[in-house]
Every structure is written in structure tokens, then in C-alpha cells.
Amino acid sequence: MKAKATLKQIAKELNVSVSTVSKALNDSPEISEMTKIKIKEYAKLKNYKPNIIGLNLKNRKTKTIGVIIPNILNSFFAKVFSGIEKVADKKGYNVIMCISNESLEKEAHTLEMLSNGTIDGFILSVSEEAQKLHEYNHFKEIINDGTPIVMFDRIAEGVDCDKVIVDDFDSALNSTQRLIDLGCKNIALFSSIDNLSVGKLRAEGYLKALENNNITINPNLILRTDSEDDLNEKIEKILDSDTIDGIFALEESDSVAALKFGLKKGNKIPEELSIIGFADGILASRRLSPSLTTVSQHGIEIGEVAAKLLIERLESKEEHLPYETVVIKTKLKERESTRKL
């Protein structure tokens, strides 16, 4: 059986946009008769058959949003998805969630698969591999073809779209400053996300706080890695260090590793060692002892804002609505892992 062509394949072969193909096949007056005939004949030749969603793009909406998250096990992404679904449901939209598993190839394939008439727009956080390779053309192609994208948390610089981020640099600076105010003089940095944009920004905030307080940077206390395994390996090498009295951890798993490190060393927490970490789940607050002082990223709020931005764009009658970058402020939730002033 001959394979059916897709709108995107036809557009690529004829060197036109997906929107042009859709409008031509739907007899839109915006397209010239000559172009319509050319596209229709080619579509027939290639066995194109419209599905029940049909030739949608601008004339017919699916009322469905595609959400792509990098990691289903991360509680932060679960909270963001919860926020997206809450707003989408209220506005009458369905949500399809896919997982990139930090893979550029899977991310690009999912975008291509769903953008062919299945969804109206995407909300996503960029995969680790895409950020590592700085490969963002797959996003640009989807946007150029008429499907809007809202990025959250991990974003792609240079891609024009709506974005929702947290104040990563300022949060890290303020958290490190809090440790300094508590009397910590030798503050270690634990990061397993140094290959991600958020990891780099948080590390820069930590370094800036040390600089602001004239604290000499000790490279032996800065563990910047790309994975949990790498971080745990480096932690083993500093176990014998007696100088650490504070730890700033850049992700939930890093925060847990910091607590384990302190307990393994026999430190009294928080009397001898204070810990602050980025974490948005119940693991840090309820299931660990002592409970962790955390930087809360407000995942549900991020999801709500991202969904509102996308739906506003989908329902706007304005052709060239300006793109927005919304910054969500984090909040330091102090618990048992930090000393009291």
C-alpha cells in the first residue's frame, strides 16, 4: 500500500509553508488558482488524505495542546503539567503529554508528529541534548510553519516565542547570601545540571554572592557536573574535607545528595552544616530528615502562566502578537536544614 503524504512533506517538496498547503487544499481565497491547482495535483499524486482533524491550521482548531517534558520522574515537571492541565481544562482544551527523555531526536520527532494537525500549539521544556548541542532548528521550523510554542524553565536562546522562566540567577545569589548571613564561610556548590541553562545561571548566582562578600572561591568545593553519577563520584572525593559548613544544591537530586553527604560525614545539621537546595517536591519537605530548606520554583504557577500565554495566542485575532517572557519569582522555604539567626 502506498504511504500517505503529510501536509509537511507536500510543503517541503513544493518549497512552500504548511499553512499555504492547508489553505490551498481548503480552497482559501488567499491562495492563487495556479498555486491551488499545483498543490492539489501534487497532493493527489502523493496519495494525500485529510484526517478527521483535517486542514486545520487557522480555519479549524483541534482545541488540543501538546506538552513535551524532558523527564517524567522530576516532580517539578509534574507540577508544571498540573498547572497546564488546570488552565486548559477551564478553557475547554485537551492536553496531550509526551516525554523527550532528554533526547533531541525524540523531541524533534514528537514536534513533527503532533504539529501535523493533531494539536494547536506546544508547551515544552527543552531537552538536555538540545541544550548541550545548542540545536534549536526544530523549534524554529515548527513556529515558522504556524504552530506556536511556549517554552518554560529550560528555554532556547535565539528562538522567538513566548517563555516562562524563574529568576534562577537571583534565586541562587539570594540563597547563597542566606547561607553567608547564617555564618557559613566555606560553602560548597553541588550541581548535576551544569549542561543546562538553568544550572549555569544558578552557578553564576552562587559565584556572584561569594564575590559580593569577598569570599575566596575554593575550586575544591565547587562540584559542577552533568549527571547524578558524576556528582556522586566527586562527592566521595571531598568526604574527608572538614572545611564545608554550608552547601548550595542546584536540583532536587543534588539536594538529597547534599543531605546524605552531611549525614555520612557525621555533621550535625544544621548546627555544623547548613543546606539549601532547589526542589519543588514533597521529597525534600516531608520525606527527608532533617527536612530541607528549599528554593521553591512554583511549578504549578509556571504551568498556569504558560497555558494562559499559549491559549491567548491561539485565540487572538491579532496576526503579530508580541512575544512575552514572564519571570516567576521563587520563594525560599526555610526548614530544618538551615540554622536560625
Side-chain angles (χ1 to χ4, degrees), residues 1-68 84-85 87-98 106-124 136-151 159-162 306-324:
M1 183 182 289
K2 188 160 68 171
K4 295 178 182 179
T6 65
L7 289 177
K8 191 161 188 176
Q9 288 166 348
I10 295 169
K12 187 176 181 181
E13 290 292 329
L14 298 180
N15 199 27
V16 295
S17 71
V18 173
S19 178
T20 298
V21 174
S22 177
K23 289 176 181 177
L25 292 174
N26 211 29
D27 275 325
S28 168
E30 297 176 44
I31 309 299
S32 71
E33 286 303 315
M34 188 177 294
T35 302
K36 283 183 192 176
I37 292 168
K38 177 181 168 185
I39 289 173
K40 285 179 180 179
E41 287 182 351
Y42 189 82
K44 187 176 180 182
L45 178 69
K46 293 295 182 180
N47 197 33
Y48 172 76
K49 296 286 191 302
N51 58 25
I52 55 168
I53 294 168
L55 314 166
N56 69 342
L57 285 182
K58 289 189 180 294
N59 299 326
R60 193 188 301 173
K61 298 294 184 184
T62 69
K63 297 287 281 188
T64 302
I65 293 169
V67 178
I68 306 176
I84 293 169
E85 200 167 44
V87 171
D89 185 59
K90 188 177 179 181
K91 296 283 189 178
Y93 282 76
N94 298 309
V95 180
I96 295 175
M97 183 176 77
C98 298
K106 191 167 184 183
E107 183 175 71
H109 173 72
T110 303
L111 283 167
E112 184 174 359
M113 176 181 67
L114 293 181
S115 66
N116 193 33
T118 304
I119 54 93
D120 295 334
F122 289 101
I123 299 172
L124 60 88
Y136 304 133
N137 285 335
H138 51 306
F139 301 127
K140 294 176 182 178
E141 287 174 6
I142 295 298
I143 294 167
N144 290 341
D145 282 342
T147 304
I149 290 176
V150 177
M151 294 181 179
V159 176
D160 290 330
C161 65
D162 293 312
K308 285 174 185 174
L309 282 175
L310 180 60
I311 292 170
E312 282 172 10
R313 183 165 295 280
L314 291 171
E315 297 182 349
S316 174
K317 291 181 170 56
E318 194 175 327
E319 279 287 324
H320 303 290
L321 198 65
Y323 291 121
E324 287 187 60

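This chain uses plain numbering: 1 for the first residue, then up along the sequence. Hydrogens, waters and symmetry mates play no part in the numbers below; they use all other heavy atoms, side chains included.
- With rounding to the nearest 0.5 angstrom, the OG1 atom of Thr6 is 13.0 Å from the CE atom of Met113.
- In this structure Lys63 satisfies the salt bridge (charged side-chain N to carboxylate O under 4.0 Å, His left out) test together with Glu315, sequence neighbours excluded.
- In this view, Lys38 and Leu14 satisfy the side-chain contact (heavy atoms from CB on, under 4.5 Å) rule, not counting sequence neighbours.
- Closest of all the heavy-atom pairs between Leu114 and Cys98 is CD1-SG, 3.9 Å.
- In this structure Glu112 satisfies the side-chain contact (heavy atoms from CB on, under 4.5 Å) test together with Lys8, sequence neighbours excluded.
- For Thr64, the side-chain hydrogen bond (donor to acceptor under 3.5 Å, both in side chains) test picks out no residue, with sequence neighbours left out.
- Between the CG atom in Leu45 and the CD atom in Glu41 there is a gap of 9.5 Å [rounded to 0.5 Å].
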When you look at Ile10 and Glu13, which way does the side-chain contact (heavy atoms from CB on, under 4.5 Å) test go after all the steps? CA-CA 5 Å; Ile10 295 169; Glu13 290 292 329; 5.9 Å; no

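- Panel note: side chain Asp89, backbone Glu85; no donor-acceptor pair is recorded below 3.5 Å.
- Taking Lys308 as the reference, nothing meets the salt bridge (charged side-chain N to carboxylate O under 4.0 Å, His left out) condition, with sequence neighbours excluded.
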From CA spacing to verdict: side-chain contact (heavy atoms from CB on, under 4.5 Å), Tyr48, Val21: CA-CA 11 Å; Tyr48 172 76; Val21 174; over 6 Å; no

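- The two atoms that bring Pro322 and Arg313 nearest to each other are O-NH2, 3.0 Å, heavy atoms only.
- Listed for the Ser22 side chain is no donor-acceptor partner under 3.5 Å among the backbone atoms of Val18.
- A distance of 8.0 Å separates CD1 in Ile149 from NE2 in His138, rounded to the nearest 0.5 Å.
- Taking Asp27 as the reference, Lys40 meet the side-chain hydrogen bond (donor to acceptor under 3.5 Å, both in side chains) condition, with sequence neighbours excluded.
- Across Thr62 and Thr118, no two heavy atoms sit closer than the pair OG1-O, 3.5 Å.
- Under the salt bridge (charged side-chain N to carboxylate O under 4.0 Å, His left out) criterion, Glu318 pairs with no residue at all, not counting sequence neighbours.
- In terms of heavy atoms, Leu321 sits closest to Glu312 at CD2-O, 4.5 Å.
- Contact detail for Ile68 and Glu107: the closest heavy-atom pair is CD1-O, 4.4 Å.
- Rounding to the nearest 0.5 Å places CG of Asp162 at 8.0 Å from CG of Leu310.
- Annotation: side-chain hydrogen bond (donor to acceptor under 3.5 Å, both in side chains) contacts of Thr110 (sequence neighbours excluded): none.
- Put simply, the side chain of Lys46 does not reach to within 4.5 Å of the side chain of Gln9, judged on heavy atoms.
- For the atom pair CG of Leu124 and SG of Cys161, the computed distance is 7.5 Å after rounding to the nearest 0.5 Å.
- The shortest side-chain heavy-atom distance between Ile123 and Ile65 falls under the 4.5 Å cut-off.
- Partners of Lys90 by side-chain contact (heavy atoms from CB on, under 4.5 Å), not counting sequence neighbours: none found.
- Here the straight-line distance linking atom CD1 of Ile37 with atom OG of Ser32 works out to 8.5 Å at 0.5 Å rounding.
- For Glu33, the salt bridge (charged side-chain N to carboxylate O under 4.0 Å, His left out) criterion is met by Lys36, not counting sequence neighbours.
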